[in-house]
Amino acid sequence: MEKKAVIEFKDVKKVYPNGTVGLKNINLSLYEGEFVVVVGLSGAGKSTLLRTVNRMHDITSGDLLIEGQSIVNLKGKALRNLRRKIGMIFQGFNLVKRASVQRNVLSGRVGYYPTWKSVLGLFSKEDKQKAVEALKRVNMASKIYTRADELSGGQQQRVAIARTFMQDPTIILADEPIASLDPKTTKSVMDDLKQLNKDFNMTVLANLHSVDLALEYADRIIGLRAGELVYDKPIAEVSRSDFDSIYDESKNKLSKEA
Ligand SMILES: Nc1ncnc2c1ncn2[C@@H]1O[C@H](COP(=O)(O)OP(=O)(O)OP(=O)(O)O)[C@@H](O)[C@H]1O
């Protein structure tokens with residue numbers, strides 16, 4: 001069966017307003033259900049790559065397609081619909097700290113309600129039930145009424161994963177999802193992500209600093225160096241020594257445009 005491309009970068013270039021070239025001519029297709037890990041030195045462009053996918057960063061030239069549709073000029077409702085399809089799990093968790101776990105998880109459905117309903121917290125019975133299911137998936141159902149700021153970092157990250165699940169996304173972007181977590185919590189967060197990927201065929205694009213985790217969880221590893229795609233292999237073909245070149249400091253100099 002033909003693989004379905006979910007994210008396509010076509011000659012994508014990103015130049016920041018100060019002239020730093022974040023991405024250089026990226027050509028890359030990511031397919032339905034893949035778990036893709038991006039590796040590279042600090043400053044190589046990994047976060048930039050992830051953040052172009054949901055238009056947190058706009059690209060400078062080239063084209064970016066999600067499920068075959070160009071996203072570079074989307075505005076208003078069309079942009080909101082795009083973002084609904086894309087779950088994001090970031091390092092800072094982005095939970096509303098003073099709200100309950102339930103409220104945080106339900107906020108994943110906000111894109112499906114008119115603003116006034118979500119402001120008033122008028123979520124349907126079905127969605128409340130879905131929130132319970134989502135929390136069960138990440139082993140957090142017992143904390144449903146706990147305030148987010150009373151949870152550990154790992155628990156907060158699992159709530160963020162449950163919130164993402166509420167969106168029914170086709171893509172999950174995970175930008176260093178396990179930074180500053182202990183090894184055991186790291187494993188449970190990565191396992192939760194893998195589970196969503198497998199059970200619902202969601203495409204995961206994750207930026208990880210750990211080579212060991214990349215080798216353990218990825219179906220495919222891509223490497224960036226100084227904004228360029230320098231590596232792209234299915235996990236079966238990856239060897240540890242490949243990382244030496246991706247992580248070569250001397251080649252990680254970013255260019256600047258005047
Ligand atoms: N808003 C910005 N304005 C200017 N330059 C930026 C901006 N954001 C990132 N950069 C630069 O773009 C390059 C790529 O940054 P990016 O954050 O994508 O790297 P990264 O590979 O994710 O690094 P890290 O692993 O440290 O998070 C870096 O040189 C960075 O300084």
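We count ligands from 1, going down the list as the structure has it; atoms in each ligand are counted the same way.
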message: Please list, in number order, the atoms of ligand 1 under 4.0 Å from a heavy atom of Thr48.
response: 14 (C), 15 (O), 16 (P), 18 (O)

query: Rounded to the nearest 0.5 Å, how far does CG of Leu215 lie from CZ of Phe243?
result: 4.5 Å

message: Test your reading of the structure: does Glu176 have an N or O sitting under 3.5 Å from an N or O of ligand 1?
response: yes

query: Any N or O of Gly45 that comes nearer than 3.5 Å to an N or O of ligand 1?
result: yes

query: What atoms of ligand 1 come closer than 4.0 angstrom to any heavy atom of Leu41?
result: 21 (O)

- prompt: Judged by modelled atom types alone, do Asp244 and Ser241 share a side-chain donor-acceptor pair under 3.5 Å?
  reply: no

- prompt: About how many Å separate CD of Glu32 and CD1 of Ile7, when rounded to the nearest 0.5 Å?
  reply: 11.5 Å

query: Would you call Asp212 and Arg240 a salt bridge, taking side-chain N to carboxylate O under 4.0 Å as the test?
result: yes

query: Do the charged groups of Arg51 and Asp175 touch, with an N to O distance under 4.0 Å?
result: yes

- prompt: Does Leu224 come within less than 4.0 Å of ligand 1, judged by its heavy atoms?
  reply: no

- prompt: Does ligand 1 have an atom that lies less than 4.0 angstrom from a heavy atom of Arg51?
  reply: no

Heavy-atom gap Gly40 to ligand 1 smaller than 4.0 Å: no

message: Out of all atoms in ligand 1, which are within 4.0 Å of some heavy atom of His209? Include the element for each.
response: 25 (O)

query: Thr20 and Asn18: side-chain donor and acceptor closer than 3.5 Å?
result: yes

- request: State, without any angle test, whether Ser107 and Asn104 hold a side-chain donor-acceptor pair at a distance under 3.5 Å.
  value: no

task: Say whether Gly22, considering both its backbone and side-chain N or O atoms, lies within less than 3.5 Å of an N or O atom on ligand 1.
output: no

